[in-house]
2 protein chains.
Amino acid sequence: MSSTTTPALRRVLNAAVVQFARHGYEGASLSRIAADAGIRKASLYSHVKSKDALFLAVFEDALEVEARFAHECFEAPEPTLPGLRYCESLLARYADSDHFRFLLRTSYIPPESLFHELQEGYEGYMQQLLMDFTTALRRHVGGGLADQDAEVMGHAYMGLVDSLHVALIYIGQERFEARLEALERLMNESIERLVAGARHG
Amino acid sequence: MSSTTTPALRRVLNAAVVQFARHGYEGASLSRIAADAGIRKASLYSHVKSKDALFLAVFEDALEVEARFAHECFEAPEPTLPGLRYCESLLARYADSDHFRFLLRTSYIPPESLFHELQEGYEGYMQQLLMDFTTALRRHVGGGLADQDAEVMGHAYMGLVDSLHVALIYIGQERFEARLEALERLMNESIERLVAGARHG
DNA sequence: AAAAAACTACCGACCGGTAGGTAGCTTTTT
DNA sequence: AAAAAGCTACCTACCGGTCGGTAGTTTTTT
């Protein structure tokens, strides 16, 4: 998809993701991004052809990085609840990854001109998460899991994830953890019932 | 708190809430707001002293309107699940109320200069919701509800609400309803267990 | 009751500043 | 020497906000 990424373009993208994550599309300025990348604003146009294009490049970048991260959270089998490792790593991820902060901010409130491209991309991210969860759930419960139950738990899990994403943005660490614990408990109880049901269903 | 609201100011506030809800703080322009209110930009300053002040006025307006709406959802006793009526009315509310869309958008991603005022206000909205839910839950379960359990269910409910708020913003109606159904089911099961526990506690 | 003063809401013109973007020349890299 | 990437200088468009002034109403003074 993407052509070769030169070191200079790399610097631009990295500067851009910080600014976009912090100030949003409208609030971030190209001159600031250029300055952070160590060049003049006009020189940006040697690498990208418009602000829109830059934003989209950053978005694809972020999507790739974060989708890989999320997927890796599901690789090792979970000791307790399916999908829990991803949830538990969100706090640290939000603190550490500009790409993640960028992704959350611009997916919930995208610039209107780019709405469709962005929605499609984020949709893909969430879709992958859902599939990873469903797989893990099936592995956890065992063979007797009804499709309908799996679907319901999938919806619940995606709700849980969105709820945690939002919590990252606007409530503190303590309440993030309390929320995770509370919702995890509900999920856990429900899944245990599914396990029991699958055994003598 | 607020001085008298003249009809002209009313028109300005109503035009502003639409623009702010649609384009955000930075994206909304005063000239457009003025035009929609039927006056020139310069005339805005007869009614408000700055863009910040206008935004805050709109915010307080929205907060008052939406807090009252939310509270009313809890007035009549709920036949089934505590707090369900609020959740079920969100879809229509989001479609109908500029104030509500404004509130969601600007609470998740506030303009940085006004961060503190806005966070405090939205905090209050959510706090009231939590108290309304807890009251309804206690009424539903009966006397034997442990404080700790009530707290956990409160966190879960607030997570559910945030998750639905987000769903309004970026996923369609069908999946909103599916999510609500799924999470409602989890809550319901957990609450039923609390009811049983309270009976022979 | 009439005149004077004050006030309100509005206007067009304009301010300094910044935005994204372009033209054309120079430097660096290959 | 050609291509890529940098630069300075500049453009137009728009931003939030202020200015001086005006028409019309309300309040005060005489």
Side-chain angles (χ1 to χ4, degrees), chain A residues 2-59 102 105-106 109-115 117-118, chain B residues 2-59 102 105-106 109-115 117-118:
Chain A
S2 63
S3 45
T4 57
T5 303
T6 68
L9 174 56
R10 192 70 264 155
R11 280 197 298 275
V12 168
L13 290 174
N14 289 344
V17 73
V18 172
Q19 291 302 306
F20 283 137
R22 200 165 341 217
H23 306 291
Y25 178 80
E26 276 110 1
S29 88
L30 292 183
S31 40
R32 176 62 195 271
I33 291 172
D36 288 1
I39 58 176
R40 301 290 152 190
K41 182 184 58 166
S43 310
L44 281 180
Y45 289 83
S46 300
H47 304 103
V48 295
K49 77 175 224 304
S50 69
K51 193 184 188 181
D52 280 17
L54 173 58
F55 191 88
L56 282 177
V58 169
F59 182 69
F102 168 85
R105 166 161 202 159
T106 63
I109 314 275
E112 17 193 355
S113 59
L114 306 175
F115 182 79
E117 291 100 313
L118 300 184
Chain B
S2 61
S3 45
T4 57
T5 302
T6 70
L9 174 55
R10 193 67 266 157
R11 280 196 299 276
V12 168
L13 290 175
N14 289 345
V17 73
V18 172
Q19 291 301 306
F20 283 137
R22 200 165 346 217
H23 307 290
Y25 178 80
E26 277 109 2
S29 89
L30 291 185
S31 40
R32 176 61 195 273
I33 291 172
D36 288 2
I39 58 175
R40 304 288 152 190
K41 185 181 56 166
S43 310
L44 280 180
Y45 289 84
S46 299
H47 305 288
V48 295
K49 75 175 227 303
S50 68
K51 193 183 189 183
D52 280 18
L54 173 58
F55 191 88
L56 283 176
V58 169
F59 182 69
F102 168 86
R105 166 163 202 155
T106 62
I109 314 275
E112 12 194 359
S113 58
L114 306 175
F115 182 80
E117 289 101 314
L118 301 184

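Chain letters run A, B, ... following the sequence lines, proteins first and then strands; every chain starts at 1. Everything numeric in this text was worked out from a predicted model, so none of it was measured.
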* Asked: Given the rule in the side chain to side chain contact (heavy atoms under 4.5 Å, CB included) test, do B:Thr106 and B:Phe55 qualify, once you have shown the distances and angles that lead to the verdict?
  -> CA-CA 10 Å; B:Thr106 62; B:Phe55 191 88; 3.4 Å; yes
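- Mapping heavy-atom proximity under 4.0 Å, the span of DNA chain C touched by chain A runs 5' to 3' from C:dA19 to C:dA23.
- Applying a 4.0 Å cut-off to non-hydrogen atoms, none of the residues of residues 12-27 of chain A approaches DNA chain D.
- Annotation for B:Arg10: atom CZ counts as buried by contact number, over 12 foreign heavy atoms lying within 6.0 Å.
- Note: A:Ile33 CD1 to A:Phe20 CZ = 4.0 Å, rounded to the nearest 0.5 Å.
- In plain terms, the two heavy atoms of B:Arg105 and B:Ala21 that are nearest each other are CD-O, 3.4 Å.
- In this structure, NE2 in B:His47 is found 11.0 Å from CG in B:Leu54, a value given to the nearest 0.5 Å.
- Taking every heavy atom of residues 29-58 of chain A and every atom of DNA chain C, pairs under 4.0 Å involve A:Ser29, A:Leu30, A:Ser31, A:Lys41, A:Ala42, A:Tyr45, A:Ser50, A:Lys51, by number.
- Annotation: side chain of B:Pro111 is not in contact with side chain of B:Asp52 (no heavy-atom distance under 4.5 Å).
- Rounding to the nearest 0.5 Å places NZ of B:Lys51 at 5.5 Å from OH of B:Tyr25.
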* Take A:His23 and B:Glu112 through the test side chain to side chain contact (heavy atoms under 4.5 Å, CB included) and record every step on the way to the result. => CA-CA 8 Å; A:His23 306 291; B:Glu112 12 194 359; 2.7 Å; yes
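- In this structure, A:Ser46 OG and A:Arg40 CZ are separated by 14.0 Å, a value rounded to the nearest 0.5 Å.
- For B:Leu13 against B:Ala57, the heavy-atom pair with the smallest separation is CD2-CB, 3.9 Å.
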